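Heads up: the structure comes next, in structure tokens.
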Amino acid sequence: MSHPRVNKPRATTVKAVPGQAMIETVLAVVIVTFLFLVLFRLSQMLTGKIMLEHAAMRSARARTVGFNDFMCKKAARVAMIPVAGKRLWPEGDEFDYSMELARIPIYMGTPNGAVANGVLEYEAWHSLKIEPGGGYNSRVSLKNEWFDLEGEATIEKNYQLYLTDQGR
């Protein structure tokens with residue numbers, strides 16, 4: 001028994017153009033780099049938002065225990081140190097954390113802005129807008145060339161529940 005001859009279709013071959021792989025690689029690298037940079041910027045925005053809400057909470061907490069506006073602003077600024085950028089004052093080694101930690105209580109104890117800036121100052125502190133609020137709420141916003149972010153916090157006035165008047 002003979003089998004009929006079947007004509008198989010010929011496989012078509014695509015000829016590679018010289019440099020085609022290099023062009024494809026360049027395009028892939030550009031797209032991956034762009035996606036990485038977008039994700040990096042997004043992570044910076046999310047970190048900034050979390051830190052702004054933390055700073056607003058610290059400011060509202062300072063308000064609930066009776067501190068004035070200046071003290072609330074200092075509490076918010078100290079809460080923003082991890083993302084505050086370059087330290088402007090004191091100048092010197094940026095990685096001297098023990099010096100920074102030692103200066104924070106001194107900064108918190110300063111009586112006015114001029115003395116406070118002479119103790120500790122960071123680049124992003126000038127971009128912060130801190131509104132301690134009249135009640136027990138606080139709003140902190142940050143504006144820079146890339147994004148505008150805002151954090152807000154409110155604390156209930158419940159100190160009467162755990163503080164006594166000490167016999168007054």
Side-chain angles (χ1 to χ4, degrees), residues 24-163:
E24 290 172 358
T25 303
V26 166
L27 286 175
V29 166
V30 166
I31 290 170
V32 168
T33 302
F34 176 75
L35 289 174
F36 173 76
L37 292 175
V38 166
L39 287 174
F40 182 72
R41 183 62 63 189
L42 181 63
S43 70
Q44 283 183 323
M45 289 174 62
L46 290 174
T47 302
K49 177 71 173 166
I50 291 168
M51 294 306 296
L52 284 170
E53 289 183 1
H54 174 67
M57 183 56 95
R58 294 293 91 214
S59 179
R61 169 76 167 78
R63 172 66 73 198
T64 61
V65 296
F67 290 129
N68 61 13
D69 285 353
F70 181 60
M71 192 66 177
C72 293
K73 289 179 181 183
K74 289 190 296 185
R77 283 181 161 191
V78 167
M80 290 293 292
I81 286 177
V83 292
K86 182 181 176 187
R87 188 178 70 225
L88 301 177
W89 185 260
E91 296 174 340
D93 185 16
E94 291 188 28
F95 300 107
D96 190 4
Y97 296 119
S98 60
M99 185 274 303
E100 282 181 305
L101 287 175
R103 284 182 173 263
I104 290 172
I106 299 168
Y107 175 80
M108 293 300 288
T110 57
N112 58 42
V115 176
N117 289 341
V119 174
L120 201 57
E121 187 177 9
Y122 288 87
E123 187 175 45
W125 282 2
H126 300 290
S127 304
L128 285 176
K129 182 179 178 187
I130 303 166
E131 301 170 13
Y136 299 99
N137 59 350
S138 179
R139 180 175 301 177
V140 180
S141 59
L142 173 67
K143 294 184 180 190
N144 64 20
E145 66 273 0
W146 295 99
F147 45 80
D148 298 341
L149 297 173
E150 185 175 286
E152 190 170 355
T154 302
I155 294 181
E156 294 180 12
K157 185 175 90 170
N158 57 5
Y159 64 87
Q160 301 96 340
L161 300 174
Y162 56 88
L163 291 178

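Bear in mind that the values here come from a model prediction, so they are computed numbers and not experimental data.
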Please list, chain by chain and in numerical order, all residues satisfying side-chain contact (heavy atoms from CB on, under 4.5 Å) with Thr154, sequence neighbours excluded. Asn137
Sorted by chain and number, sequence neighbours left out, side chain to side chain donor-acceptor pair (under 3.5 Å) with Asp69 holds for Arg63
Can you give me every donor-acceptor pair (side chain of residues 28-40, partner residue at least two apart or in another chain, under 3.5 Å) with its distance?
{"residue": "Thr33", "atom": "OG1", "partner": "Val29", "partner atom": "O", "Å": "2.7"}

Can any side-chain N or O of Arg87 pair as donor or acceptor with the backbone N or O of Pro90 at less than 3.5 Å? yes
Smallest heavy-atom separation, Ile155 atom then Ala60 atom, equals CD1-C, 3.8 Å
For Ala124 and Leu142 the tightest heavy-atom approach is O-CD1, 4.3 Å
Could you tell me which residues satisfy side chain to side chain donor-acceptor pair (under 3.5 Å) with Lys143, sequence neighbours excluded, listed by chain and number? none
Hey, could you give me each pair passing salt bridge (Lys or Arg N to Asp or Glu O under 4.0 Å) that has a residue in residues 27-52? Not counting sequence neighbours. Lys49-Glu53
Considering all heavy atoms, the nearest Gly85-Tyr122 contact: O-CD2, 3.7 Å
So salt bridge (Lys or Arg N to Asp or Glu O under 4.0 Å) across residues 106-129, not counting sequence neighbours, yields Lys129-Glu131
For residues 104-118, please give each side-chain donor-acceptor pair under 3.5 Å, one per line with the distance, not counting sequence neighbours.
{"residue": "Tyr107", "atom": "OH", "partner": "Arg77", "partner atom": "NH1", "Å": "3.4"}
{"residue": "Thr110", "atom": "OG1", "partner": "Tyr107", "partner atom": "O", "Å": "2.7"}
{"residue": "Asn112", "atom": "OD1", "partner": "Ala114", "partner atom": "N", "Å": "3.3"}
{"residue": "Asn112", "atom": "OD1", "partner": "Val115", "partner atom": "N", "Å": "2.9"}

Would you please name every residue forming a side-chain contact (heavy atoms from CB on, under 4.5 Å) with Ala76, sequence neighbours left out? Ala55, Ser59, Ile130, Val140
Rounded at 0.5 Å granularity, tell me how far CG in Leu101 sits from CE in Met99. 9.5 Å
Distance (rounded to the nearest 0.5 Å) between Glu100 CD and Ile81 CD1: 6.5 Å
Heavy-atom count check: over 12 atoms from other residues, nucleotides or ligands less than 6.0 Å from Lys73 NZ? no
List in chain and number order the residues that pass ring-ring contact (aromatic ring centres under 6.0 Å, His included) with Phe67, two or more places apart in sequence or in another chain; answer none if no residue qualifies. none
If you compare all heavy atoms of Met51 against all heavy atoms of Ala79, which two are closest, and at what distance to 0.1 Å? CE-O, 3.1 Å
Distance in Å, Ser127 OG paired with Asp148 CG, rounded so as to fall on 0.5 Å steps: 10.5 Å
Which residues pass the salt bridge (charged side-chain N to carboxylate O under 4.0 Å, His left out) test with Glu152, sequence neighbours left out? Arg139
In this structure, CZ of Arg61 is separated from SG of Cys72 (nearest 0.5 Å) by 11.0 Å
